[in-house]
There are 2 protein chains.
Amino acid sequence: MTYDPASDLENTEQIFSALAHQSRRHILLTLHFRGGQMSAGDIANRFACSWPTTTRHLNILRVSGLISVDKVGRERVYKLEREKLTKTIGEWLDWFERKPE
Amino acid sequence: MTYDPASDLENTEQIFSALAHQSRRHILLTLHFRGGQMSAGDIANRFACSWPTTTRHLNILRVSGLISVDKVGRERVYKLEREKLTKTIGEWLDWFERKPE
DNA sequence: ATATTATTTAGCTTAATTGCTAAATGTTAA
DNA sequence: TTAACATTTAGCAATTAAGCTAAATAATAT
């Protein structure tokens, strides 16, 4: 797969949209501070909303590429894609560190 | 006004929500690369959507604190609050540069 | 005073998001 | 093979977001 600017922009859109919800930002931080990996249940148990609602948040994060998932037995283990997050947002933010000519 | 963690969190929410829309991110970049200040008309003319729609985007950005506005004659001049953007997002992103203990 | 310019506000419609509960799926244990 | 567990999918209701056109406001120019 070669570089596709259109899908890259689309992904930036997905990522910023994913970050727009408090619960999803919280999930990312929780994942990070618990070592980068947690099962769906471990995540769901830490949040006030219902498990299906958390599942949907996880899915939005997964489609954006900010997390990935792995089946382990009957559990699903979600993994933070830390570099995807820091690279995408960091690079966007970098435009504002550049002097406007 | 002393530091208020609740309103600080609320503002983070506003900022991430403001950044979730492509047009609003575009407005911020346009402002930055045109020197940090533009009239509402200059901004609206550069976008495909109707002027009232742009006005609403500008208002969302203003309420979040990412831009500010100044009346100059019959124009309204919008100004990018560059540091608000880089500080808020940069500091949030920094959590992910810290080692999770 | 009146017209023109710059911009916002109001009001409406459609689409998207978020939350819920209940049902379905797939996996391991008895 | 049946029960229990871990999780997702389906489907619904309520809220919010985003777009438009038309009307309102406020400042300058004639």
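Bear in mind the structure is a predicted one, so any value in this text is a computation, not a measurement. The analysis underlying the following values was restricted to heavy atoms, covering all of them including side chains, and did not include hydrogens, waters or symmetry mates. Proteins come first, then strands; the chains are lettered A, B, ... in the order of their sequence lines, and each starts at number 1.
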Go nucleotide by nucleotide along DNA chain C from the 5' end; which of A:Val72 and B:Tyr78 gets its closest nucleotide reached first?
B:Tyr78
Walk me through it: do A:Thr88 and A:Leu66 pass the test side-chain contact (heavy atoms from CB on, under 4.5 Å)?
CA-CA 10 Å; A:Thr88 305; A:Leu66 291 174; 5.9 Å; no
NZ/NE/NH1/NH2 to OD/OE distance under 4.0 Å, B:Arg82 and A:Glu97
yes
Hey, mind stepping through A:Asp70 and A:Lys79 against side-chain contact (heavy atoms from CB on, under 4.5 Å) and telling me if it holds?
CA-CA 8 Å; A:Asp70 216 3; A:Lys79 178 174 165 242; over 6 Å; no
Which nucleotides of nucleotides 13-21 of chain C have their base under 4.0 Å from a protein heavy atom (B), which only their sugar-phosphate (S), and which neither (-), written as one string 5' to 3'?
-----BBBB
Expressed as a whole number of angstroms, how long is the span from B:Arg74:CZ to C:dT5:P?
8 Å
To check you understand the geometry: which heavy-atom pair defines the closest contact between A:Ser17 and B:Ala20, and what is its length?
OG-O, 3.6 Å
Positional range of nucleotides in DNA chain D within the contact set of chain A, heavy-atom, under 4.0 Å
D:dA4 to D:dT9
Taking CG from B:Leu58 and C1' from C:dT8, how many angstroms apart are they, rounded to a whole number?
11 Å
Applying side-chain hydrogen bond (donor to acceptor under 3.5 Å, both in side chains) between B:Ser68 and each of B:Gln37, B:Arg62, B:Glu81, report the one that passes.
B:Glu81
Audit row: A:Thr54, A:Arg46, side-chain contact (heavy atoms from CB on, under 4.5 Å) steps and yes/no:
CA-CA 10 Å; A:Thr54 298; A:Arg46 303 194 154 246; over 6 Å; no
Apply side-chain contact (heavy atoms from CB on, under 4.5 Å) to residues A:Trp92 and B:Ile89 and explain how you reach the verdict.
CA-CA 10 Å; A:Trp92 184 80; B:Ile89 303 301; 5.7 Å; no
Under 6.0 Å between ring centres: does that hold for A:Phe47 and A:Trp51?
no
